[in-house]
Amino acid sequence: MSGPVCNAREEAVDATDDPEECRLEVTEGHAAQVGAMGVNRLVPRRARRTVGAWCFVDHMGPAPVTETVGLDVGPHPHIGLQTVTWLFEGSVVHRDSMGFEQLIRPGQLNLMTAGHGVSHSEETRGIYAGDLHGIQFWVAQPDSTRNGEPAFEHHSDLPQLDLANGTATVIIGSVGDVSSPARRDTDHSGAELDLRPGESVVPLRADYEYAVALADGAVTIDGTTLTPGKLGYLGIGRDEFALTATEATRMMLFGGVPLEDELIMWWNYVARTRDEITDAHNSWTNDDGRFGKVASPLDRVDVDPPLWAR
Ligand code: MN
């Protein structure tokens with residue numbers, strides 16, 4: 001058994017057996033806009049740039065969408081990342097430049113790999129009316145695949161692990177000995193925890209750093225109560241973690257081997273240099289074919305070039 005270590009950037013010297021010495025690190029999200037929807041951006045924050053290769057976490061809703069007002073993010077480009085879209089409520093249509101059109105529902109995974117370049121839209125207008133609630137994550141791709149071909153996967157049947165007071169649905173990677181079939185280019189994992197009131201213990205990997213984000217409900221971890229809207233960072237070095245739901249709770253657990261690479265993120269691009277981003281954005285603005293075409297009724301999205309390229 002190893003004890004929890006709060007700070008992933010510190011060496012794990014001695015395992016502590018004093019739980020008071022190691023507390024959950026809680027950071028606030030901040031408001032951002034995606035399409036017509038307000039979102040709460042949990043990662044990146046100044047204090048927490050990445051969790052494993054997870055480099056972006058947007059919690060959207062719950063908020064009503066109608067026949068005329070929805071998520072409705074028109075075609076836009078990505079490089080160097082995987083989008084992991086996960087819904088708690090509602091449905092969204094994904095359309096991309098590879099020709100995939102996929103309705104996503106709660107409990108299903110949409111996983112798009114951008115590689116050298118892909119574009120997609122995320123639409124609700126005319127498709128769904130009601131409350132929309134979900135999370136979109138980005139996972140930074142490693143050098144081995146980030147300049148490669150784009151790809152798309154949809155998984156409607158994901159494996160589950162029974163917990164003392166709930167279940168874990170494994171979206172990517174493994175929790176304990178339960179593994180998702182989804183593609184994975186780095187050593188990371190993600191799961192939805194669906195909890196009844198009471199304590200549960202979730203197996204972790206000691207070489208991963210982890211964080212949690214709640215969709216609804218409330219949990220106590222290391223003596224700290226966590227509610228929706230905040231990121232709870234668990235650190236590295238735990239081989240399990242205990243949490244107590246004080247009401248019915250749905251939450252995401254995600255983690256991975258801490259990222260060594262220095263990422264540069266601008267708009268919808270994840271890269272290692274500014275030149276890579278400038279090149280990608282020129283391609284998008286000039287519509288030179290790198291990002292293909294999306295068969296979407298929505299207008300393509302464009303923004304001014306980055307400051308360094310003006
Ligand atoms: Mn996108």
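In this text the structure is predicted, and so the values were computed from the model without any measurement. Atoms considered below: every heavy atom in the structure, side chains included; atoms not considered: hydrogens, waters and symmetry mates.
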Discussion item. Apply side-chain contact (heavy atoms from CB on, under 4.5 Å) to residues Leu24 and Leu234 and explain how you reach the verdict.
Written reply: CA-CA 6 Å; Leu24 187 73; Leu234 297 167; 3.4 Å; yes
Worksheet item: Any donor and acceptor pair, going by atom type alone, linking the side chain of Thr278 with main-chain N or O of Arg274 inside 3.5 Å?
Response: yes
Practice prompt. Give a yes or no answer on whether the side chain of Glu153 reaches the backbone of Arg183 with a donor-acceptor pair at less than 3.5 Å.
Written response: yes
Discussion item. Whether the side chain of Thr249 engages the backbone of Glu247 through a donor-acceptor N/O pair (distance < 3.5 Å, no angle test) should be reported.
Written reply: yes
Worksheet item: Are side-chain heavy atoms of Arg125 and Ile127 found at a separation under 4.5 Å?
Response: no
Discussion item. Any salt bridge linking Glu123 with Arg95? Criterion: basic side-chain nitrogen under 4.0 Å from a carboxylate oxygen.
Written reply: yes
Worksheet item: Are side-chain N/O atoms of Asp185 and Thr145 paired as donor and acceptor at under 3.5 Å?
Response: yes
Fill in: Sequence neighbours excluded - ring pair (Phe, Tyr, Trp, His ring centres under 6.0 Å) pairs with any residue from residues 189-217
Tyr208-Tyr210
Item to complete: For the pair Ser180 (side chain) and Ile171 (backbone), establish whether a donor and an acceptor sit closer than 3.5 Å, ignoring hydrogens and angles.
Response: yes
Worksheet item: Taking the six-membered ring of Tyr233, is NZ or CZ of Arg48 closer than 6.0 Å to its centre and within 45° of its axis?
Response: yes
Fill in: Trace of the side-chain contact (heavy atoms from CB on, under 4.5 Å) decision for Leu253 with Leu204
CA-CA 10 Å; Leu253 167 71; Leu204 301 180; 4.0 Å; yes
Worksheet item: So, His155 versus Gln108: side-chain donor-acceptor pair below 3.5 Å or not?
Response: no
Practice prompt. Please name the pair of heavy atoms, one in His76 and one in Gly74, separated by the smallest distance, quoted to 0.1 Å.
Written response: ND1-O, 2.8 Å
Worksheet, complete the sentence: Scanning both residues in full, the closest heavy-atom pair of Ala140 with Cys55 reads N-SG, 3.8 Å
Discussion item. Could you check whether Asp194 pairs with Arg250 (Lys NZ or Arg NE/NH1/NH2 to Asp/Glu carboxylate O, under 4.0 Å)?
Written reply: no
Discussion item. Would a single hydrophobic cluster contain both Met37 and Val93, if residues Ile, Leu, Val, Met, Phe, Trp and Tyr are joined by side-chain heavy-atom contacts under 4.5 Å?
Written reply: yes
Worksheet item: Is any NZ, NE, NH1 or NH2 atom of the basic residue among Arg290 and Asp279 found under 4.0 Å from an Asp or Glu carboxylate oxygen of the other?
Response: no
Practice prompt. Answer yes if the side chains of Thr113 and Gln82 hold a donor-acceptor pair under 3.5 Å, and no otherwise.
Written response: yes
Worksheet item: Judged by atom type as modelled, is there a donor-acceptor pair below 3.5 Å linking the side chain of Ser174 to the main-chain atoms of Asp177?
Response: no
Item to complete: Side-chain contact test, heavy atoms from C-beta onward, threshold under 4.5 Å: evaluate it for Phe241 versus Val212 and give yes or no.
Response: yes
Worksheet item: Hydrophobic cluster mates of Trp267, side-chain heavy atoms under 4.5 angstrom, ILVMFWY only, any path?
Response: Ile79, Ile264, Trp266, Tyr269, Ile277, Trp284, Phe291, Val301, Val303, Trp308
Worksheet item: When the aromatic ring centroids of His120 and Phe100 are compared, is their separation below 6.0 Å?
Response: no
Worksheet item: Would Asn110 and Thr83 count as a side-chain contact (heavy atoms from CB on, under 4.5 Å) if you check the C-alpha gap in whole Å, the side-chain angles of each, and the deciding distance to 0.1 Å?
Response: CA-CA 8 Å; Asn110 267 12; Thr83 60; over 6 Å; no
Worksheet item: Do His59 and His133 have a side chain donor and acceptor closer than 3.5 Å?
Response: yes
Worksheet item: Would Asp261 and Arg146 pass as an ion pair if we require N to O under 4.0 Å?
Response: no
Discussion item. Going by ring pair (Phe, Tyr, Trp, His ring centres under 6.0 Å), name the pairs with one or both residues in residues 157-207, residues two or more places apart or in two chains.
Written reply: Trp54-His188
Worksheet item: Is the backbone of Gly115 close enough, under 3.5 Å, to the side chain of Gln141 for a donor and an acceptor to pair up by distance?
Response: yes
Item to complete: Establish whether Leu158 and Ile135 are linked, either directly or via other cluster members, by ILVMFWY side-chain heavy-atom contacts under 4.5 Å.
Response: yes
Discussion item. Quick one: does any side-chain atom of Asn40 pair with a main-chain N or O of Gly229 as donor and acceptor, under 3.5 Å?
Written reply: yes
Item to complete: Would you please say whether a donor-acceptor pair under 3.5 Å links the side chains of Ser283 and Asp288?
Response: yes
